[in-house]
Amino acid sequence: MSAADPASRLSPAVSDTGSQLTAEPPSGAVAAPPAPTPSAPPAPTMTAASALPAPTMTAASAPTTTAPHPLPPDPLTPRRGPVHALVALARPKHWVKNVFVVALPSLLIGPVTPAAVRAVAAATGLFIAASVFVYVLNDLVDRERDRLHPVKRRRPIAAGEVSVRTACAALAVLAVLQGAGILLGGVDRYWPVAAYLALNVAYSFRLKHLPIVDVFAVAGGFVLRALEGCLAPGQTPSPWLLMCVFTLCLVLALGKRRRELSEAGGAHRPALAGYTTQLLDYMVVVSASLSVMIYVVHLFAPPSHAAAVALTLVTVPCAIFALFRYLQVVLVHGGGGDPVRLLLGDRVLIAVGLLWAVLIVLLPSPA
């Protein structure tokens with residue numbers, strides 16, 4: 001037996017495991033190492049698809065982990081109940097304005113009698129109801145703008161605590177009460193309440209968007225309150241006292257506009273586009289100076305009759321409005337280089353001048 005015989009004896013064992021893979025080497029030859037079996041190929045480590053960049057690992061496709069900026073905590077939680085929301089809608093804290101403005105002129109002009117107190121109390125109640133009507137109407141009309149304001153968004157209608165239908169029902173009830181009160185008390189004495197309602201309806205829908213006109217409408221509402229305080233007990237109003245109320249309320253309204261302009265800009269109130277802080281500062285100084293001077297005149301002026309009251313109430317505001325318009329053109333619009341051209345070319349100033357001339361002609365002379 002040759003030396004290759006042991007290998008030949010072992011070759012069947014080897015061929016049993018890989019008879020389909022290798023041929024038995026000839027005798028005396030060095031056997032080559034077995035080739036890897038194709039039946040168990042190694043797992044491919046890369047495919048054509050895997051050669052592409054992994055889409056989930058790219059910076060562009062990776063999901064962002066930055067959370068959106070959180071909203072500030074809602075100051076309305078917990079929400080007000082229906083009754084509490086309706087009370088807040090009526091703004092009872094503001095009712096004190098009617099008490100002071102309606103009652104004060106009566107105390108300053110005429111004697112205080114039980115009949116005068118009852119008449120002034122009735123007038124104050126009517127104006128409180130009228131002011132609630134105005135608050136509801138204003139909040140209803142401005143509910144979308146109020147939602148953009150950091151403070152006014154808490155109002156019941158803007159916050160969704162009082163529905164539009166409920167607000168409309170409240171307006172209808174208040175309108176019926178107002179009409180009944182004016183008719184029962186006498187139109188000759190309580191017509192300023194109806195004028196106040198008409199003025200504020202126009203204010204809510206249009207006048208509040210007109211610079212200078214908006215603050216004059218607000219101040220005019222307080223003059224109507226003061227006028228009612230004189231007419232309810234049957235007293236003759238003092239034109240100088242009413243003009244003092246008008247100029248003082250201009251100071252308050254202009255100060256409010258200045259605060260709104262400096263805090264929230266003009267997004268919430270379109271009329272603020274016609275103002276600047278410098279213009280408002282000048283207007284406040286002019287109004288405050290006029291209020292002091294007019295009050296001094298009131299203290300020493302003799303009693304006035306109806307013609308003097310009417311002439312003062314409709315002509316003095318025209319002069320103040322024309323002054324404010326001139327300041328607006330100079331400080332906001334950059335005009336005023338040619339005063340004659342401004343006075344003859346500005347349509348607002350021309351309209352105010354024509355209105356003043358017509359009133360002077362139509363109203364009876366106080367002499």
Side-chain angles (χ1 to χ4, degrees), residues 66-98 127-175 196-197 199-219 221-222 249-277 279-280 283-284:
T66 304
H69 296 290
L71 295 175
D74 188 4
L76 295 175
T77 53
R79 292 170 61 88
R80 290 170 287 206
V83 176
H84 189 191
L86 287 174
V87 172
L89 183 62
R91 305 184 197 176
K93 293 181 180 180
H94 291 258
W95 295 357
V96 67
K97 294 185 295 186
N98 299 287
F127 258 104
I128 288 176
S131 62
V132 172
F133 178 93
V134 172
Y135 296 149
V136 176
L137 177 63
N138 186 69
D139 289 358
L140 183 63
V141 173
D142 282 352
R143 62 187 183 276
E144 297 298 335
R145 288 192 181 94
D146 288 345
R147 294 189 178 110
L148 305 177
H149 195 273
V151 176
K152 295 181 180 181
R153 67 188 180 96
R154 306 174 188 175
R155 291 177 175 177
I157 299 179
E161 297 173 334
V162 175
S163 65
V164 174
R165 179 178 298 181
T166 302
C168 292
L171 288 176
V173 172
L174 290 170
Y196 174 84
L197 289 172
L199 173 65
N200 280 275
V201 169
Y203 175 83
S204 296
F205 287 99
R206 180 58 181 166
L207 300 183
K208 69 191 311 178
H209 304 311
L210 304 177
I212 303 179
V213 177
D214 59 337
V215 293
F216 270 64
V218 173
F222 283 94
C249 292
L250 277 180
V251 174
L252 301 178
L254 292 167
K256 182 179 179 181
R257 293 293 183 269
R258 192 188 190 286
R259 184 65 178 268
E260 291 174 340
L261 184 62
S262 60
E263 285 186 348
H268 171 68
R269 191 183 293 275
L272 293 178
Y275 295 109
T276 62
T277 54
L279 172 63
L280 290 169
M283 288 181 173
V284 168

Practice task
Verify side chain to side chain contact (heavy atoms under 4.5 Å, CB included) between Lys152 and Asp142, making sure each step is shown before the conclusion.
Solution key: CA-CA 10 Å; Lys152 295 181 180 181; Asp142 282 352; over 6 Å; no
Handout entry: Pairing residues for Phe133 by the ring-ring contact (aromatic ring centres under 6.0 Å, His included) criterion, not counting sequence neighbours
Key =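 Partners of Phe133 under the ring-ring contact (aromatic ring centres under 6.0 Å, His included) test: none.
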Problem - With sequence neighbours excluded, residues passing ring-ring contact (aromatic ring centres under 6.0 Å, His included) with Phe127 - result: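 Phe127 satisfies ring-ring contact (aromatic ring centres under 6.0 Å, His included) with Tyr196 once adjacent residues are dropped.
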Problem - Sequence-distant partners of Arg258, side-chain hydrogen bond (donor to acceptor under 3.5 Å, both in side chains), two or more places apart - result: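 Here the qualifying residues are Asp281.
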Handout entry: Residues that Thr277 engages under side-chain hydrogen bond (donor to acceptor under 3.5 Å, both in side chains), provided they are two or more places apart
Key =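 So Thr277 forms no side-chain hydrogen bond (donor to acceptor under 3.5 Å, both in side chains) with any residue.
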Within the structure provided, determine whether [X] and [Y] are in side-chain contact (heavy-atom separation under 4.5 Å).
X	Y	answer
Cys249	Val218	no
Lys208	Asn138	yes
Leu207	Leu199	yes

What are the two closest non-hydrogen atoms of [X] and [Y], and how far apart are they?
X	Y	answer
Ala85	Pro156	O-CG, 3.4 Å
Val132	Ala90	CG2-O, 3.8 Å
Arg147	Glu144	NH1-OE2, 2.8 Å
Lys93	Val96	O-CG1, 3.6 Å
Gly255	Val284	N-CG2, 4.2 Å

Do [X] side-chain atoms and [Y] backbone N/O form a donor-acceptor pair below 3.5 Å?
X	Y	value
Arg259	Lys256	no
Ser204	Val201	no
Glu161	Arg80	yes

Handout entry: Value rounded to 0.5 Å, distance of CZ in Phe216 from CD1 in Ile212
Key =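 These two atoms lie 7.5 Å from each other.
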Exercise for the section: Step by step, work out the side chain to side chain contact (heavy atoms under 4.5 Å, CB included) result for Asp146 and Ile157. Expected result: CA-CA 9 Å; Asp146 288 345; Ile157 299 179; over 6 Å; no
Exercise for the section: Mind jotting down which residue pairs meet the salt bridge (charged side-chain N to carboxylate O under 4.0 Å, His left out) criterion with at least one end in residues 129-140? Sequence neighbours excluded, please. Expected result: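 Only Arg91-Asp139, Asp139-Arg155 qualify under salt bridge (charged side-chain N to carboxylate O under 4.0 Å, His left out).
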Practice task
Decide side chain to side chain contact (heavy atoms under 4.5 Å, CB included) for Asp214 and Arg257; before the verdict, give the C-alpha distance in whole Å, the side-chain angles of both, and the deciding distance to 0.1 Å.
Solution key: CA-CA 10 Å; Asp214 59 337; Arg257 293 293 183 269; 2.9 Å; yes
Handout entry: Derivation and outcome, side chain to side chain contact (heavy atoms under 4.5 Å, CB included), residues Leu137 and Asn200
Key = CA-CA 9 Å; Leu137 177 63; Asn200 280 275; over 6 Å; no
Give the table of side-chain donor-acceptor pairs shorter than 3.5 Å for residues 162-173, with sequence neighbours excluded, one pair per line with atom names and distance.
{"unit_1": "Ser163", "atom_1": "OG", "unit_2": "Thr166", "atom_2": "N", "d": "3.2"}
{"unit_1": "Ser163", "atom_1": "OG", "unit_2": "Thr166", "atom_2": "OG1", "d": "2.8"}

